[in-house]
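Report on the following structure.
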Amino acid sequence: QVQLVESGGGLVQAGGSLRLSCAASGLTFSANNMGWFRQAPGKEREFVAAIRRSGGNTYYADSVKGRFTISRDNAKNTVYLQMNSLKPEDAAVYYCAAGFTVAQTMGVMMSPNNYNYWGQGTQVTVSS
């Protein structure tokens, strides 16, 4: 049974930082691309960041580029999202996702349709 468990969310002031973690089990972690998505109330789920299965390439939404960093530790079956300079508009439930695709282009990596497994989400709240 595949499980993705996010942690690290919470309440932070604008300009602050948080580090999200997602621990995976029940799958061959190193064979999967990993992504972070978020969903704010009343909005659709949106792409945040993704990292190729090898960890060699990363992709970011324009809204977080330069502030967020995705990384992975294949030895620990864990993917991370370091979030700096947080803004109130970053507040959302953050989900990690895992999926295998042959192609690993930006368009493929940012589509939620290309991820087979999802975590339960972790809440990030940013106060102004």
Can you name the closest pair of heavy atoms from [X] and [Y] and give their distance?
| X | Y | result |
| --- | --- | --- |
| A98 | L27 | CB-CD1, 3.9 Å |
| A23 | T78 | CA-OG1, 4.1 Å |
| A40 | A91 | CB-O, 3.8 Å |
| N77 | N74 | OD1-O, 3.2 Å |

Inter-residue atom distance [X].[atom1] - [Y].[atom2], 0.5 Å rounding:
| X | Y | atom1 | atom2 | answer |
| --- | --- | --- | --- | --- |
| Q82 | L20 | CD | CG | 8.5 Å |
| L81 | T69 | CG | OG1 | 8.0 Å |
| K87 | S128 | NZ | OG | 14.0 Å |
| M106 | T58 | CE | OG1 | 9.5 Å |

key: Pairs touching residues 50-100 that satisfy ring pair (Phe, Tyr, Trp, His ring centres under 6.0 Å), sequence neighbours left out   = none

key: Residues forming a side-chain hydrogen bond (donor to acceptor under 3.5 Å, both in side chains) with E46, sequence neighbours excluded   =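 side-chain hydrogen bond (donor to acceptor under 3.5 Å, both in side chains) list for E46, sorted by chain: R38.
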
key: Among M109, R72, R53, the one residue meeting side-chain contact (heavy atoms from CB on, under 4.5 Å) with M34   =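 It is R72, the one option of M109, R72, R53 that forms the side-chain contact (heavy atoms from CB on, under 4.5 Å) with M34.
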
remark   = residues 104-119 vs side-chain hydrogen bond (donor to acceptor under 3.5 Å, both in side chains), sequence neighbours excluded, gives N33-Q104

inquiry  = With a 3.5 Å distance limit and no angle check, can you tell me whether R67 reaches the backbone of S85 through a side-chain donor-acceptor pair?
reply    =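 Checked: pair present.
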
inquiry  = Any side-chain to backbone donor/acceptor pair from T101 onto A103? Under 3.5 Å, distance only.
reply    =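 Yes, the answer is positive, given that a donor and an acceptor are paired below the 3.5 Å cut-off.
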
message = Assigning hydrophobic clusters by single linkage (Ile, Leu, Val, Met, Phe, Trp, Tyr; side-chain heavy-atom cutoff under 4.5 Å), is V2 placed with V5?
response =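 Looking at the clustering, V5 is in a separate group from V2.
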
inquiry  = Restricting to ring pair (Phe, Tyr, Trp, His ring centres under 6.0 Å), what partner residues turn up for F47, sequence neighbours left out?
reply    =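 Only F37 meet the ring pair (Phe, Tyr, Trp, His ring centres under 6.0 Å) criterion with F47.
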
Which atom pairs, one a donor and one an acceptor, fall under 3.5 Å between side chains of residues 120-127 and the rest of the protein, sequence neighbours left out?
from, atom 1, to, atom 2, distance (Å)
Q120, NE2, E6, OE1, 3.3
T122, OG1, G9, N, 3.3
Q123, NE2, A92, O, 3.4

key: Partner set under side-chain contact (heavy atoms from CB on, under 4.5 Å) for S7, not counting sequence neighbours   =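 By the side-chain contact (heavy atoms from CB on, under 4.5 Å) rule, S7 matches S21.
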
ask   = Does a salt bridge link K65 with D62, judged by any charged N lying under 4.0 Å from a carboxylate O?
value = yes

